[in-house]
Amino acid sequence: MDHENQPACCAEFSAVARTSRRAFLGGALAAGVATTIGSAVIQTAAAAAGTPARGVVVVLSMRGAADGLSLVVPHGDPVYALARPRLAVPSDRLVAKDGFFGLHPALSPLLPLWNAGRMAAVHATGLPVRNRSHFSAMEELEDASPGSTTRSGWLNRLIGSDAIGSPLQALQMGGTAPAALYGSAPFLTTRSISEVGIAGADKWDTYGGRNRSLHTMWDKRQTRLAGSMRAAFGAVADFAPVVASPSTPANGAAYPSGDLAKALSEVARIVRSDVGVEVVTVDHGDWDMHADLGTTEWGAMKRNAEQLSGALAAFFADLGPLGDTVTVVCLSEFGRRVAENANWGLDHGYGNAMLLLGAGVRGGYHGTWPGLTNDPDADLLVTTDYRSVLAEVVSSRFGASIPTVFPGFSPTRVGVMLGQ
């Protein structure tokens, strides 16, 4: 067969991607509700400007349903190799290998973090009930409140659980806000750092007339729109140190090419500027590999895993000591089937692996392994609700109320964060 000519993903995920639902040049940062001034679109969430953030959590979504069995390989389960005669990652190629698990060799750039105990993998995680629809599963994952009719995402509930109220507390760069940031708490969004500003208030506005006119129009009005305008003025002013900061990576960090690397380099720049951003969401896709997932020598998995690991390794190098304040959580809406299909790919499944890196992470492999079965419809089962992992992150990094962030949910202990 000609594996080079197979479709890369299913029609549903293609439709989601075409609408640029969460795209930043193909892989985006994302956050909440936008305030628009001319061509400037602002969405953020942060601590009060000028005060150090409690820490930063970066939620990196691998859009399209990444195959956790390829990223975090259960080589100790004999069914894995039997179910994937062409696609199984050879045991002798794995890195960070123990008696049962190992990481895909394309994740090698992350080995310094792993070996330092600052990277962890939690396997067999996912939604409480199977959902094989990309769009629906993304919404459910990000609402994180099954059965609720309230349009509110878990990250919006997180940033709304304190009295900070600054739109810089959570940050999106590019694309439409993800459901995780939908809600009443404000946040900032922009396509790039350089675009945060008031439309028309640029170098051609020699005497500052644009700003004066807007302040005259809105400063004293007591309307909802006026309040939004004043919040926008404040956000632009508070974000100014980031716009003025050097764009060159620090500590000799060298980012690879690609949209994810570009996005993370801007996130590092924001963290270094210390304007109070506490939550950042980043999207990376496409992980919907029905065909041409490939092997360790070729294919979409190798390519995406290289982009992911290279960008994350450069990000933490760029941050240097500031990396001790940043936690990255990598997750996907669902996993893939255990058995490979005829197109060198994998169809929609259920359970998956989550990756955590950086501050507060207890390194190593975590979770309860359910065992694999080898038949065309077999899934990796979920033994750890993904919210239990997120609950440990928000509790340890923010001291947040779990019932507030995840209503009606009682987490089980995972132990992936120190102090949990």
Side-chain angles (χ1 to χ4, degrees), residues 1-14 16-17 26-27 60-75 77 79-95 101-110 121 123-126 132-134 137-138 258-260 283-312 330-355 372-380:
M1 67 173 287
D2 183 3
H3 54 71
E4 299 299 331
N5 294 322
Q6 296 301 318
C9 66
C10 67
E12 185 202 10
F13 184 75
S14 294
V16 172
L60 197 162
S61 296
M62 298 180 286
R63 299 295 182 190
D67 177 40
L69 293 173
S70 289
L71 293 172
V72 184
V73 177
H75 68 89
D77 190 319
V79 173
Y80 169 74
L82 291 173
R84 300 183 175 189
R86 297 173 302 173
L87 301 186
V89 180
S91 177
D92 61 1
R93 295 292 309 280
L94 297 173
V95 298
F101 292 113
L103 302 180
H104 192 288
L107 299 182
S108 294
L110 298 175
H123 228 316
T125 65
R132 302 196 202 281
S133 161
H134 292 293
M138 288 178 193
D259 301 327
L260 178 62
D283 284 4
H284 184 224
D286 150 30
W287 292 84
D288 193 24
M289 301 175 188
H290 289 274
D292 291 348
L293 178 142
T295 69
T296 56
E297 305 301 325
W298 65 271
M301 177 57 67
K302 177 179 184 290
R303 180 175 64 250
N304 277 20
E306 287 173 346
Q307 292 172 355
L308 178 71
S309 63
L312 284 170
C330 303
L331 75 172
S332 195
E333 63 264 31
F334 49 79
R336 317 298 293 192
R337 292 282 173 83
V338 174
E340 65 183 57
N341 62 30
N343 295 323
W344 292 81
L346 298 162
D347 297 322
H348 293 184
Y350 183 32
N352 212 336
M354 296 173 66
L355 301 175
L372 300 176
T373 56
N374 184 15
D375 65 72
D377 296 324
D379 287 330
L380 170 64

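Side-chain N or O atoms of Asp286 include one that pairs as donor or acceptor with a backbone N or O of Asp288 at under 3.5 Å. The backbone N or O of Ala66 sits nowhere less than 3.5 Å from a side-chain atom of Arg336 that would complete a donor-acceptor pair. No donor-acceptor distance shorter than 3.5 angstrom exists from the side chain of Ser309 to the backbone of Pro109, with no hydrogens or angles considered. The main-chain N or O of Arg86 is found under 3.5 Å from a side-chain atom of Glu340 such that the two form a donor-acceptor pair. Between the side chain of Glu333 and the main chain of Arg63, no donor-acceptor pair closer than 3.5 Å is present. At distances below 3.5 Å, at least one donor-acceptor pair connects side-chain atoms of His123 with backbone N or O atoms of Val72.
Atoms NE2 and SG, on His134 and Cys10 in that order, are 3.0 Å from each other to the nearest 0.5 Å. Of the inter-residue distances, the one linking Phe101 atom CZ with Leu71 atom CG reads 13.0 Å to the nearest 0.5 angstrom. The structure places NE2 of His284 at 5.0 Å from CG of Leu260, a figure rounded to the nearest 0.5 Å. Distance check, rounded to the nearest 0.5 Å: SG of Cys330 to CG of Leu60 gives 4.5 Å. Atom NE2 of His290 is separated from atom CG of Leu346 by 9.5 Å, given to the nearest 0.5 angstrom. Here the CG atom belonging to Leu107 is positioned 9.5 Å from the CD atom belonging to Glu306, to the nearest 0.5 angstrom.
Salt-bridge annotation for Arg337 and Asp375: absent, with no side-chain N of the basic residue lying under 4.0 Å from a carboxylate O of the acidic one.
Between Phe334 and His348, the ring-plane angle classifies as tilted under the 30° and 60° cut-offs.
Among all heavy-atom pairs drawn from Ala88 and Ala81, the shortest one is CB-CA, 4.0 Å. When all heavy atoms of Leu69 and Tyr80 are compared, the closest pair comes out as O-CE1, 3.5 Å.
Among Lys302, Arg93, Arg303, the one residue that satisfies the salt bridge (Lys or Arg N to Asp or Glu O under 4.0 Å) test with Glu297 is Arg93. None of Val89, Val95, Leu103 except one satisfies the side-chain contact (heavy atoms from CB on, under 4.5 Å) rule with Val73; the exception is Val89. Screening Leu380, Asn304, Leu293, Asn352 for a side-chain contact (heavy atoms from CB on, under 4.5 Å) with Asp67, the sole residue that qualifies is Leu293.
Between Leu308 and Met62, the closest side-chain pair of non-hydrogen atoms falls below 4.5 Å. With contacts defined as side-chain heavy-atom distances shorter than 4.5 Å, the pair Ser70/Leu87 does not qualify.
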